[in-house]
Amino acid sequence: MTLNLRHYALLGLLAFLLALPGRMTLPPLDRDEPRYMEASEQMLLSHNFIDVRFQDKPRYLQPAGIYWLEAASTAAAEKIFGPSVLRKTWPYRIPSLLAATIIVPLTAWIGATLFGGTTGLMAAGLLMVSTLFVAESHMATIDTVLLLDILCIEAALLCALTDRQKNRPTPLRVAVAYWLALGIGLMLKGPVVLIPGFGTPLALWLLEKNRSWWSRLRPRWGWLLMVAVVVPWCVAIEIISGGDFFARAVGRNFLGKVAHGQEAHGLPPGFHLLVFGLAFWPGSLFAAMAIPAVWQNRKLPQVRFLLSWIVPHWLVFELIATKLPHYVLPTYPAIAILTAASLMTWCPPTLSRWAKALLGVYGVLWAVIGIGFCLAGSIALYRLEHTFTLSALIALGGSLPLMLGAIVMLMKQQRRQAAFCAMGAAVIAHAGLFLSVIPNLQTIRLSPRIADLFEDIRPCNDSVLISSSYSEPSLVFLAGPNTQLIGPAAAAAYLHDHPQCSLALIGLKDKNTFMSALKKFGINVVKYNQIKGLNYSNGHHLILELFSPL
């Protein structure tokens with residue numbers, strides 16, 4: 001099967017439609033997403049597109065590329081819908097949506113170039129429904145956009161390799177695309193993009209003992225394009241921050257993650273392999289089943305290219321101290337292509353008894369994850385809200401039979417049919433989760449409920465919310481950049497200094513301290529309302545009360 005432009009357009013449309021559910025109803029997801037949103041909003045409001053800030057603090061984690069994209073999409077939405085969209089989540093998520101829309105057909109193109117059209121389509125499907133990809137494509141974070149950039153880098157490398165195999169010249173545009181994609185990656189995430197960008201050709205060189213194809217990418221002058229993309233902003237931020245950006249972004253954030261686990265994310269090697277079963281579900285079992293076939297075909301140029309894409313990136317992020325599941329997301333398209341090749345192209349090799357036993361154990365774990373995934377939405381609704389919704393039950397009724405069908409197909413050794421069933425189950429389960437479950441989970445929607453209450457009773461247009469017992473970034477995004485996240489005694493002092501336009505949000509555990517401080521200042525307050533809920537970021541059940549000076 002040969003894929004043409006119509007196939008790729010339909011794939012992109014499908015990816016777009018599958019990424020839409022929940023995009024407007026999903027609240028800002030603590031803690032990273034609202035930081036990106038708020039920093040992008042402040043960039044728009046301040047017209048300072050160089051120095052990225054969250055409230056009054058610099059956000060020196062990576063360059064400004066992702067904030068420019070989110071600020072641009074939000075500015076466009078503001079022109080159409082007015083300034084109220086600045087407090088909405090969906091405009092900031094447009095870059096991730098568009099990136100996901102392009103990633104899926106681009107994965108299909110790479111798969112089709114390497115193994116044929118049917119393999120490309122299967123690879124695109126496996127990636128499109130994988131848990132981590134779906135989650136990241138719904139959020140206004142950097143990871144989906146970074147994945148697209150790395151995919152463009154790998155596509156350019158593949159073009160050069162294909163041209164070498166066919167003994168034809170590599171067009172100049174391929175080299176330009178490769179180096180520009182590296183430069184854009186540097187503007188998005190800094191040196192991280194160099195791991196796949198240079199790791200893949202280096203690994204190929206070690207495997208093939210041949211680097212003649214590297215000259216096709218014009219490295220003698222190509223690096224100047226890469227540097228030209230990032231240097232102007234680097235010079236500007238160096239001047240504005242007085243060198244503080246590079247000390248923080250490279251010294252503390254990038255190199256600090258290598259040696260020490262940051263933000264309680266320090267974990268031993270093997271973490272990414274351990275969570276792969278869930279992160280790449282439902283393709284994770286089929287990826288494990290593909291390992292013998294990949295090993296059998298390891299000398300094929302196509303397999304060498306994909307392994308050179310996967311292995312260096314994966315090893316680096318297994319070895320660094322700080323670990324989060326999305327760190328290895330850039331390897332998922334390559335894993336999806338190898339998995340698809342084992343399903344659609346290669347004959348399955350004969351397995352030893354030990355291999356069959358290991359795959360059987362992994363298959364049981366995969367089935368448990370899948371059934372749990374189908375049930376998770378309805379269980380969460382019942383546990384947190386003590387209710388069921390018809391739409392959630394419909395989603396369960398659609399996904400669970402398909403999941404059970406996949407298990408039956410696997411027991412009959414019908415791997416391809418099992419993969420289709422599992423992918424269908426994932427699509428329905430994801431749609432149910434984003435359309436029916438998350439919008440009804442009021443218990444964990446603390447920030448939106450607080451922001452709505454604050455908006456209803458704020459005494460002034462520029463009122464300030466002071467929060468002592470709940471300090472999630474999502475509250476800052478929804479209630480405004482002037483939100484004060486300070487202790488209960490400081491909250492009382494702030495009310496004393498700004499009595500006309502301030503409201504204080506105090507939890508029960510801090511109420512006595514807050515009231516004692518108020519007495520010292522001789523301030524009386526009125527309580528407006530009480531909000532109960534679960535802070536899912538730390539698992540704490542909170543009872544919060546909103547106060548205003550009399």
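All values below were derived from every heavy atom in this structure, side-chain atoms included, with hydrogens, water molecules and symmetry-related copies excluded. The residues of the chain are indexed from 1 along the displayed sequence.
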Does A39 offer a backbone N or O that forms a donor-acceptor pair with the side chain of Q55 under 3.5 Å? no
Which distance, rounded to the nearest 0.5 Å, do you find between the OG1 of T483 and the CD1 of I466? 10.0 Å
Quick check: W281 with F373 (ring centres under 6.0 Å apart)? yes
When the ring centroid of W233 is compared with that of F245, is the distance short of 6.0 Å? yes
For Y332 and A279 the tightest heavy-atom approach is OH-CB, 3.2 Å
If you round to the nearest 0.5 Å, how far is CE of M128 from CG of L18? 5.5 Å
Between H272 and Y327, what is the ring plane arrangement, given parallel below 30°, perpendicular above 60°, and tilted in between? tilted
Would you find a donor on one side and an acceptor on the other, under 3.5 Å apart, between the side chain of T144 and the backbone of E136? yes
Using 30° and 60° as the class boundaries, would you call the ring planes of H430 and F434 parallel, tilted or perpendicular? tilted
Tell me the salt bridge (charged side-chain N to carboxylate O under 4.0 Å, His left out) pairs involving residues 71-100, sequence neighbours left out? E33-R93, E41-R87
Within the 4.5 Å heavy-atom criterion, are L435 and S391 side-chain neighbours or not? no
How about Y60 and F246: are their ring centres within less than 6.0 Å of each other? no
Between CG of L446 and OG of S474, what distance do you get to the nearest 0.5 Å? 8.5 Å
Walk me through it: do K189 and I142 pass the test side chain to side chain contact (heavy atoms under 4.5 Å, CB included)? CA-CA 8 Å; K189 194 67 173 177; I142 195 172; 3.9 Å; yes
Please, which pairs that meet disulfide (SG to SG under 2.5 Å) have at least one residue in residues 52-84, sequence neighbours excluded? none
Is a side-chain N or O of R445 found less than 3.5 angstrom from the main chain of I450, in a donor-acceptor match? no
Donor-acceptor pair, side chain of W314 and main chain of T331, under 3.5 angstrom: no
Using a strict cut-off of less than 4.0 Å between a Lys/Arg side-chain nitrogen and an Asp/Glu carboxylate oxygen, indicate whether E38 and R35 qualify as a salt bridge. no
Do S469 and L542 make a side-chain contact, defined as non-hydrogen atoms from C-beta onward lying under 4.5 Å apart? no
On a heavy-atom basis, which atom in R23 and which in H138 lie closest, and how many Å separate them? NH2-CA, 3.5 Å
Write down the atom of L518, the atom of A492, and the distance for their closest heavy-atom approach. CD2-CB, 3.8 Å
Is it true that a side-chain atom of K527 and a backbone atom of E545 form a donor plus acceptor pair closer than 3.5 Å? no
Can you give me the closest heavy-atom contact between Y470 and S447, atom names plus distance? OH-OG, 2.8 Å
Testing the basics here: between G432 and A395, what is the closest heavy-atom pair and its distance to 0.1 Å? CA-CB, 3.6 Å
S378 (side chain) donor-acceptor with L375 (main chain) under 3.5 angstrom: no
Can you sort out the partners of D30 under salt bridge (Lys or Arg N to Asp or Glu O under 4.0 Å), two or more places apart, ordered by chain and number? none
Keeping the roles fixed (side chain from E318, backbone from L273), state whether a donor-acceptor pair exists under 3.5 Å. yes
Evaluate side-chain hydrogen bond (donor to acceptor under 3.5 Å, both in side chains) for T389 paired with N440, printing each intermediate quantity in order. CA-CA 9 Å; T389 65; N440 291 296; 4.6 Å; no
Taking S130 for its side chain and L132 for its backbone only, find out whether a donor-acceptor pair lies under 3.5 Å. no
In terms of heavy-atom contacts, P439 and T25 come closest through CG-OG1, 3.6 Å
For S96, is there any backbone N or O sitting under 3.5 Å from a side-chain donor or acceptor partner on S137? no
Check: M139 and Y36 side chains under 4.5 Å, non-hydrogen atoms: no
Check the pair F388 / Y382 against ring-ring contact (aromatic ring centres under 6.0 Å, His included), numbers first and verdict last. CA-CA 6 Å; F388 287 113; Y382 181 75; 5.5 Å; yes
Assess the pair Y528 and F454: is the distance between their ring centroids shorter than 6.0 Å? no
Polar contact flag, side-chain donor to acceptor under 3.5 angstrom, S468-D510: no
Ignoring hydrogens and geometry, is there a side-chain-to-backbone donor-acceptor pair from S73 to P91 under 3.5 Å? yes
Do P58 and R248 have side chains that get closer than 4.5 Å, going by heavy atoms? yes
Could you tell me if the side chain of I457 sits less than 4.5 Å from the side chain of L546, heavy atoms only? yes
Got a second to check how far L381's CG is from L441's CG, nearest 0.5 Å? 5.0 Å
Taken to the nearest 0.5 Å, the spacing of S502 OG from D497 CG works out to 9.0 Å
Working to the nearest 0.5 Å, report the span between CD1 of I506 and CG of N512. 11.5 Å
Classify the ring geometry of F317 against H313: parallel below 30°, tilted from 30° to 60°, perpendicular beyond 60°. tilted
Beyond-backbone contact of L182 with D149, side-chain heavy atoms, under 4.5 angstrom: no
For Y67, does the six-membered ring have the charged nitrogen or CZ of R53 within the cation-pi criterion, i.e. under 6.0 angstrom from the centroid and within 45° of the normal? no
Could you walk me through whether T443 and E385 pass the side-chain hydrogen bond (donor to acceptor under 3.5 Å, both in side chains) check? CA-CA 7 Å; T443 301; E385 307 298 332; 2.7 Å; yes
